[in-house]
There are 2 protein chains.
Amino acid sequence: MNRAERKFYEVFTDLQCFILANMNRSDINGVTATHYNIIEYIYRNDKCILKEIAKAFNISPPAISKQLKFLIENSFIEQQQSSLDRRIFNLSVTDKGKFVIDNSENFRETIAKKASKTLTKDDLKNLTELLHKVLAEVMK
Amino acid sequence: MNRAERKFYEVFTDLQCFILANMNRSDINGVTATHYNIIEYIYRNDKCILKEIAKAFNISPPAISKQLKFLIENSFIEQQQSSLDRRIFNLSVTDKGKFVIDNSENFRETIAKKASKTLTKDDLKNLTELLHKVLAEVMK
DNA sequence: AAAAAATAGTTAACTTTGTTAATTATTAAC
DNA sequence: GTTAATAATTAACAAAGTTAACTATTTTTT
C-alpha cells in the first residue's frame, strides 16, 4: 500500500470499529440491531426473498429463516407465497415494521446529520459521491 | 433529513451492509474476523488493557476476556501485569500476531487498493480527509 | 412422461460468542 | 482501617450463528 492508500486504510479501520461498536447496541423499539437491519433490508427491497437476504448479509439461510420467523410472529414483516413458484415466499414490511423503521433514530441517521453539520454542503455531496464510487467498484 | 443527508445516508447504509457481510467471513490465517480485529486493535494500541478493548468494540469485559484467553493461549498476543497497578494487564502483540496482521489480506486493504485504483490521487486524499472529519465529529 | 437434479426454505443438533451476576484481587477514599 | 471502587475472571445462561439432513416444489434430462 502506498501512503494515500495507507491513510485511507486507517480511517476506514476507525470507521469499521465505529460501525462494529454501534451495531452491537441492541433494542431500538423492541428489536435488536440485526432484526432492524433485516426489516430495513426488506423495506428497501420489497418482495425480496430469504435467499437474497442471506446473500446480502453473508449469513446462512437457516439463520435468516429463524430471524424471519421471529419477525413474522411479531408482525414486523409478512410473507406471501408466490403463485408462479410456490417454493418462493416474497417478503414485505408491515405497518408495524414501517413504524419501527420510520421512528428509530438509528446510528446511520445520526451520522448523516452530524456529517451534514460538520461539512459544507459541497463537501457532503462530494463525500457521498466518492464513497459511492468506491463502493460500486468494490461490490461489483 | 434533507436531500443531501438522505443521499449520504443511503450510501452509508450500503457501506454498512458491505462491512457486515465481509465481517462475517472467518478464518484468515487461522483466526476469525473477531480475533483479527482484536489483534489489530492491540497492534495499534500497544500496552492497552482489556477494558479499553471492551469499550472500543462495545462488547462486555467477560466476552473480551474469553477472546484474549484464546489469543494468549495461541501466542498471538501476550500480557504483562503492571507493576504500578497489579489489577492491570497490559497487552501486546507477539511476533506471531504481527505476522498474521502483516500477512493477512484483509478486506479493508482490498478496499483501500480498489479505492486507489478507482479514484484519482486527489479524490482519494479528499475522501480520506472528509471521512476523517465526519468520524472525528461522530466519535467525540 | 418419468426419473434425476436443482432450488427455496425449514428443522435439528451443535458451536460460537455474546450476556448478566457473582467472585477475586487490588487500589483508592473517607 | 474499614468501605467503596476498579480490573479482570468465572459461572450460568441466551442469542445467533453453523452444517447436515429433510420437505416441497420446479426444472432438466433422457
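All heavy atoms count here, side chains included; hydrogens, waters and symmetry mates do not. In what follows, every chain begins at residue 1, and chains take the letters A, B, ... in the order their sequences are listed.
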query = Can you find a side chain N or O atom of A:Thr32 that sits less than 4.0 Å from OP1 or OP2 on D:dA16?
reply =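 So the side chain of A:Thr32 is within the cut-off, an N or O lying under 4.0 Å from OP1 or OP2 of D:dA16.
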
inquiry  = Looking at D:dG17, I'd like to know if its phosphate oxygens (OP1 or OP2) sit under 4.0 Å from a side-chain N or O belonging to A:Gln67.
reply    =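 Yes, A:Gln67 has a side-chain N/O under 4.0 Å of OP1/OP2 on D:dG17.
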
ask   = Would a line drawn from the ring center of A:Phe70 to the ring center of A:His35 be shorter than 6.0 Å?
value =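 Aromatic pair counts; centres sit under 6.0 Å.
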
message = Suppose we screen for side chain to side chain donor-acceptor pair (under 3.5 Å). Which residues come up paired with B:Thr13, at least two apart in sequence or across chains?
response =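 Side chain to side chain donor-acceptor pair (under 3.5 Å) check on B:Thr13 returns A:Arg108.
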
query = For the residue pair A:Val93 and A:Ile39, what are the closest heavy atoms and their distance?
reply =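 Minimum heavy-atom contact is CG2-O, 3.5 Å.
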
inquiry  = On a heavy-atom basis, which atom in B:Val11 and which in A:His132 lie closest, and how many Å separate them?
reply    =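 Looking at all heavy atoms of both residues, the closest pair is CG1-N, 3.8 Å.
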
Between [atom2] on [N] and [atom1] on [X], what's the gap in Å once rounded to a whole number?
| X | N | atom1 | atom2 | result |
| --- | --- | --- | --- | --- |
| B:Lys55 | D:dT6 | NZ | P | 13 Å |
| B:Arg86 | C:dA28 | CZ | P | 12 Å |
| B:Gln81 | D:dT9 | CD | P | 11 Å |
| B:His35 | C:dT15 | NE2 | P | 17 Å |

remark   = Protein-proximity profile, nucleotides 5-12 of chain C, B/S/- by nucleotide at the 4.0 Å heavy-atom cutoff, equals -BBSSBB-

message = Between A:Ala63 and A:Ser82, which residue's closest nucleotide on DNA chain D lies nearer the 5′ terminus?
response =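 Whichever sits nearer the 5' end wins; that is A:Ala63.
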
request  = Please work out whether the ring planes of A:Phe107 and B:Phe12 are parallel, tilted or perpendicular, with thresholds of 30° and 60°.
outcome  =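 The rings of A:Phe107 and B:Phe12 stand perpendicular, inter-plane angle above 60°.
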
query = In this structure, are over 12 heavy atoms from other groups packed under 6.0 Å from A:Glu52 atom CD?
reply =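 Enclosed: over 12 neighbouring heavy atoms sit under 6.0 Å from CD of A:Glu52.
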
